[in-house]
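The next block holds one structure in the form of structure tokens; read it before the comments.
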Amino acid sequence: MEKKSISRVEIGLHWTIAIGIIGLISLGIFMSNTRSFSLYDIHKSIGLLVFAIVVVRVLVRLQKGWPENISEGPAWEHGVARVVHWILILGTIIMPLSGMLDAVMSGQGLSIFGLDLIADNPGNNGRPQAIDESMAEMAEEAHQLTGYVLIGAIVLHVAGALKHHLVDGDNTLIRMLGRS
Ligand code: HEM
Ligand code: HEM
């Protein structure tokens, strides 16, 4: 099922998640590369909040279907755009789930800005101890790999949006900005 108009709720969800995901990818890569452990809790807390918004977005998509294409253009282009939308949606689900699995399996627990959702797993020395180290490693690799797939998909997605606007001169980007 496809429809021509995009509601304010869908537009709000799109831009909130877009900013959240781009911010979390940047923060995630920065904190991992610089080993800034003090940023991990902030990354995880924002990631959990973004996950809650992603769940709402997926429910809205399931209920309303994809927005209808308003542009002309070859079928293959629409096909690529649809595949990229699927990668983006699935990526926004896999990222927080793999991040949570990594955190819980490595014994860190889950909390949002200090509010405990799942307590950490204290070892003998009082420091968090892994619950399942190999699962934590697998989840960490999935988190990293999906992050890079998402970056590729976002680059294609933004290039597509700019092409619609600058080359084709259609309303695809304007509609997502809520101006049509
Ligand atoms: C919601 C979207 C999220 C995005 C887009 C995201 C993105 C990223 C990225 C790109 C990295 C750097 C990976 C690397 O280069 O090693 C990272 C690291 C990490 N993320 Fe996330 N993240 C998200 C949510 C979460 C959540 C919900 C948690 C946990 C509750 C989490 C926990 C972590 C941890 C622990 C690391 C460090 C892994 C390491 O030890 O290197 N992330 N994240
Ligand atoms: C900041 C740069 C971004 C721009 C300029 C942009 C632009 C757009 C535009 C114009 C559409 C409508 C396409 C159509 O009508 O067929 C769209 C849809 C979509 N975008 Fe983005 N977007 C951006 C970032 C993101 C990010 C970071 C994500 C996810 C990680 C994302 C996920 C989606 C999805 C899943 C759709 C399909 C419709 C929906 O579910 O809301 N976008 N975007």
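Computation of the quantities below employed the complete heavy-atom set of this structure, encompassing side-chain atoms and omitting hydrogens, waters and symmetry-equivalent molecules. In each ligand, atom 1 is the first atom listed, and ligand 1 is the first ligand listed. Because the structure is predicted, anything quoted here is derived from the model rather than measured.
One option in Ser32, Ala52, Ser45 has a heavy atom closer to atom 41 (O) of ligand 1 than any other, and that option is Ser32. The nearest non-hydrogen atom to atom 39 (C) of ligand 2, considering only Arg82, Arg61, His164, Arg175, comes from Arg61.
Each of the atoms 5 (C), 10 (C) of ligand 1 lies under 4.0 Å from some heavy atom of Ile25. Within ligand 1, the atoms closer than 4.0 Å to a non-hydrogen atom of Gln144 are 14 (C), 15 (O), 16 (O), numbered from 1 in the order shown. Every atom of ligand 1 is numbered from 1 in the order shown, and the set under 4.0 Å from a heavy atom of Tyr148 is 15 (O). Close approach to Thr172 involves these atoms of ligand 2, each under 4.0 Å from a residue heavy atom: 10 (C), 13 (C), 14 (C), 15 (O).
Separation of atoms CD1 (Ile22) and CD1 (Ile154) is listed at 5.0 Å; rounding is to 0.5 Å. Of the inter-residue distances, the one linking Asn33 atom CG with Met31 atom CE reads 10.5 Å to the nearest 0.5 angstrom. Between atom CG of residue Leu110 and atom CG of residue Asp116 there is a gap of 9.0 Å, rounded to the nearest 0.5 Å. To the nearest 0.5 Å, the span separating NE2 on His85 from CG on Leu156 amounts to 11.0 Å. The CZ atom of Phe113 sits 5.0 Å away from atom CD1 of Ile46, with the distance rounded to the nearest 0.5 Å. Residue Glu133 holds its CD atom at 10.5 Å from CD of Glu140, rounded to the nearest 0.5 Å.
No side-chain donor-acceptor contact under 3.5 Å links Asn69 and Ser71. The closest side-chain donor-acceptor pair between Asp102 and His143, if any, does not fall under 3.5 angstrom. Using modelled atom types and a 3.5 Å distance limit, the side chains of Ser36 and Thr34 yield a donor-acceptor pair.
Every heavy atom of Phe51 sits 4.0 Å or more from the atoms of ligand 1. Contact analysis leaves Gln108 out of contact with ligand 1, as no non-hydrogen atom separation drops below 4.0 angstrom.
Tested against Leu24 for a side chain to side chain contact (heavy atoms under 4.5 Å, CB included), the candidates Leu150, Ile19, Val50 yield a single pass: Val50.
The pair Arg61-Glu10 meets the salt-bridge criterion, with a side-chain N (NZ, NE, NH1 or NH2) lying under 4.0 Å from an Asp/Glu carboxylate O.
Contacts of Thr92 with ligand 2, taken as heavy-atom pairs under 4.0 Å, involve the side chain alone. The proximity of Trp15 to ligand 2, defined as any non-hydrogen pair under 4.0 Å, is limited to the side chain. Residue Arg57 touches ligand 2 through its side chain alone, judged by heavy-atom distances below 4.0 Å.
Given atom 37 (C) of ligand 1, the protein heavy atom at minimum distance is Tyr40 CE2, 3.7 Å. In this structure, the protein non-hydrogen atom closest to atom 36 (C) of ligand 1 is Met31 CE, 3.6 Å. For atom 30 (C) of ligand 1, the nearest protein heavy atom (residue, atom name, distance) is Leu110 CD2, 3.5 Å.
Distances under 2.8 Å from atom 21 (Fe) of ligand 1 pick out the protein N/O/S atoms His43 NE2, His143 NE2. Protein N/O/S atoms found under 2.8 Å from atom 21 (Fe) of ligand 2, listed by chain and residue number: His14 NE2, His157 NE2.
Contact check for Pro67 versus Ile6: side-chain heavy atoms found under the 4.5 Å cut-off.
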Name every donor-acceptor pair, under 3.5 Å, that has one atom in a side chain of residues 118-125 and the other anywhere in the protein, sequence neighbours excluded.
| residue | atom | partner | partner atom | Å |
| --- | --- | --- | --- | --- |
| Asn121 | ND2 | Gln129 | O | 2.9 |
| Asn125 | OD1 | Arg127 | N | 3.0 |

Practice problem: Give the C-alpha distance, both sets of side-chain angles, the deciding distance and a yes or no for side chain to side chain contact (heavy atoms under 4.5 Å, CB included) between Leu13 and Val54. | Solution: CA-CA 8 Å; Leu13 287 168; Val54 164; over 6 Å; no
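Under the rule for a ring pair (Phe, Tyr, Trp, His ring centres under 6.0 Å), the partners of Trp86 that lie at least two apart in sequence or sit in another chain are Trp66.
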